[in-house]
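What follows is a set of notes on a single structure, which appears directly below.
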Amino acid sequence: MKKKLILPAEVKVCATCSYWDGERTVDSELRLVVVGEDCEGECLVRTTNSHGLTDARGEGANCAWEHLAPDSPSSDAESGGSS
């Protein structure tokens with residue numbers, strides 16, 4: 001039986017990046033990503049395979065890590081924008 005890992009979408013690993021094309025399940029409401037412990041996929045920026053749990057902070061200039069669910073423009077309105 002494969003182990004599944006639940007990660008907050010904000011954790012900077014390949015599996016939580018918009019540019020990673022591996023097998024994952026995303027709960028956008030709870031902002032959670034579920035991946036297999038041994039998950040692998042293609043980094044669409046570097047066009048190479050990478051393990052889903054690779055720490056993207058250590059990739060430096062080779063990485064263009066981006067949140068799976070970027071902040072929406074409506075959040076500006078909630079924080080004091082005019083109606």
To the nearest 0.5 Å, what is the distance between [atom1] on [X] and [atom2] on [Y]?
X: Thr48; Y: Asn62; atom1: OG1; atom2: CG; answer: 9.0 Å
X: Arg24; Y: Leu7; atom1: CZ; atom2: CG; answer: 11.0 Å
X: Cys17; Y: Lys12; atom1: SG; atom2: NZ; answer: 9.5 Å
X: Tyr19; Y: Leu68; atom1: OH; atom2: CG; answer: 11.0 Å
X: Glu29; Y: Asp27; atom1: CD; atom2: CG; answer: 6.5 Å

message = Quick one: does any side-chain atom of Trp65 pair with a main-chain N or O of Val13 as donor and acceptor, under 3.5 Å?
response =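 Side chain of Trp65 to backbone of Val13, a donor-acceptor pair under 3.5 Å: yes, one is there.
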request  = Can you sort out the partners of Glu10 under side chain to side chain contact (heavy atoms under 4.5 Å, CB included), two or more places apart, ordered by chain and number?
outcome  =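 For Glu10, the residues satisfying side chain to side chain contact (heavy atoms under 4.5 Å, CB included) (neighbours in sequence not counted) are Pro8, Arg31, His67.
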Closest contact, heavy atoms only, Cys14 versus His51 =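 Distance-wise, the nearest heavy atoms are CB-O, 3.6 Å.
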query = Lys4 versus Thr25: any side-chain heavy-atom pair under 4.5 Å?
reply =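 Result no, sub-4.5 Å side-chain heavy-atom pair not found.
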ask   = Taking everything shown except Arg46 itself, do over 12 heavy atoms lie less than 6.0 Å from its CZ?
value =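 Count over threshold, so yes.
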Quick one: side chains of residues 32-43, donor-acceptor pairs under 3.5 Å with protein atoms, not counting sequence neighbours, listed by atom name and distance.
none

